Number of protein chains: 2
Amino acid sequence: MTASPDHSSPSEQTRRALIDAAITLFGEASYHGTSTRSIALRAGTNVASISYHFGGKEALRIACAEAIAERVGKVLGSGEVAPPSSPEQAAALLEKTIRNFVHFILLEQEGANFVPFMMRELIEEGPALDLIYQTTFEPRHRAFCGLWEIATGSPAESDATRIAVFSLIGQVLYFRIGQSLVKKRMEWERFDDSRVALIARGTIANLRAMIAAAREAHHD
Amino acid sequence: MTASPDHSSPSEQTRRALIDAAITLFGEASYHGTSTRSIALRAGTNVASISYHFGGKEALRIACAEAIAERVGKVLGSGEVAPPSSPEQAAALLEKTIRNFVHFILLEQEGANFVPFMMRELIEEGPALDLIYQTTFEPRHRAFCGLWEIATGSPAESDATRIAVFSLIGQVLYFRIGQSLVKKRMEWERFDDSRVALIARGTIANLRAMIAAAREAHHD
DNA sequence: AGATTTCAATCAAACGATTGATTAAGTTTA
DNA sequence: TAAACTTAATCAATCGTTTGATTGAAATCT
């Protein structure tokens, strides 16, 4: 996951290794389904180092969420650059965002590790949920609503807009959450570039249809 | 959850109580996060009765999925009644299905218990997943695709149709999975009738927009 | 500079608590 | 009474955490 060799101290390296291992294992087998020993084993260190570096299993859980929030913030950028001036530009930006999002959660290595962890926290309403909401989810949902207003004319902070944006996020996320159902139903063995492109095309078609309908509704 | 008093034998009552308790607790705290003792306590019986009636914790997990599959099948009906003859009828039927689905997973007691359990099984790709897929998910997804073909003209078993139906399911499910995010972002304290009606309205608006776009695309 | 102390970091080992499962004795049902 | 069912007690295994010993590299002193 870390491309750079290691400019960090050895203790920082074990911290990193523990967090990386924990994010993966918590995502694969749930928090309670993952033992501290298995985390230490995967991180190539000793069990005691979890208590030493973080204070315990629960604190490591929080540290995982913090690491993800930081990383996602770095990748996607905290805020949007100069807001688009035309509805067409806004729509194009929305499309690009959806496309990147689909690609990130279905194909990229990092997304494949992050998303299951976050989905678990979400479904369990775990202790890291507030952190994820405030640092990762809310700012991006809000930005998306802003683009939606420019693209459709529907007020950014109206109930209808917020719900529409939830729908967009939801339909994309479901392809990751229900991955195994999708694969069975589509008779796919795995998600490769062409399949993901197919999904991206579908979700973007939905986005366009929703934008068109919202524009019409707002012009009435 | 059981409305009828008890026409069943006392052993059948304990079976039921154990399954009900397990579905709720597995859904709330995950399979590994739930102890057999807590299940027995909630069911008002002894730990050993789990091994006695089901053979063990894992077998109880399967029994939960079977009970849900049976119950969902009974509520939603296994197949559709006489297929609609016009696109308008099909669209109306799709809308009604979506509305019922939203209502079921966001308001009804049973749905509130079932969905978290199934989501966990889905995300963990647990042993009950095949059962859920074959008895609950696949038939209904297929029926939905059939309605989609009548409503839009797009072939039921095309990739585009199947993906569109996944999108529809996903956007609805997300309001349940991401319930806590939705509540925070909408500044709602709980889901009541009017809020759920708002969500239903939004998702149905999306459905209509998608149908309209699909019809247009297919006419080209 | 060389010897000594300090300290963060890691480790194997062991802690008490809890896990899922089993047993054998008890109770209820038919 | 015989079968079906429930119970408290107990089992080995595993859980998260703590312990005390050991390391090696800075910091301090002579």
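First the proteins, then the strands, lettered A, B, ... as listed; each starts at 1. Since we're looking at a predicted model, the values are computed, not measured.
- Among A:Glu138, A:Glu157, A:Glu149, the one residue that satisfies the salt bridge (Lys or Arg N to Asp or Glu O under 4.0 Å) test with A:Arg162 is A:Glu157.
- Counting to the nearest Å, the C1' atom of C:dA21 and the CD1 atom of B:Ile39 are 13 Å from each other.
- The distance between atom NE2 of A:His32 and atom P of C:dG20, rounded to the nearest whole Å, is 12 Å.
- As a whole-Å value, the separation of B:Arg61 CZ from C:dA21 C1' is 18 Å.
- Side-chain N/O atoms of B:Thr34 and B:Ser38 include no donor and acceptor closer than 3.5 Å.
- The nearest whole Å value for the distance from the NE2 atom in B:His53 to the C1' atom in D:dT6 is 8 Å.
- Between B:Glu12 atom CD and D:dA4 atom C1' there is a gap of 14 Å when expressed in whole angstrom units.
- Of the possible donor and acceptor atoms, none in the side chain of A:Arg42 sits under 3.5 Å from a partner among the backbone N and O of A:Ala21.
- A cation-pi arrangement is present between B:Arg61 and B:Tyr31, with the terminal nitrogen or guanidinium carbon under 6.0 Å from the aromatic centre and inside a 45° cone about the axis.
- Regarding B:Leu18, its CG atom lies at a distance of 14 Å from the C1' atom of C:dG20, rounded to whole Å.
- In this structure, B:Tyr52 atom OH and C:dA25 atom C1' are separated by 15 Å, rounded to whole Å.
- Distance alone, capped at 3.5 Å, places no donor-acceptor pair between the B:Thr136 side chain and the B:Tyr133 backbone.
- B:Ser35 has a side-chain polar atom (N or O) that falls below the 4.0 Å cut-off from OP1 or OP2 of C:dT19.
- Less than 6.0 angstrom separates the ring centroid of A:His141 from the ring centroid of A:Phe166.
- Per the geometry, CZ belonging to A:Arg15 stands 11 Å off P belonging to C:dT10, to the nearest Å.
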For nucleotides 17-19 of chain D, print each protein N/O atom paired with a nucleotide N/O atom at under 3.5 Å, atom names and distance only.
from	atom 1	to	atom 2	distance (Å)
D:dT17	OP2	A:Lys57	N	2.9
D:dT17	O4	A:Arg37	NH2	3.4

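- If you check every strand for non-hydrogen atoms under 4.0 Å, B:Ser38 touches nothing.
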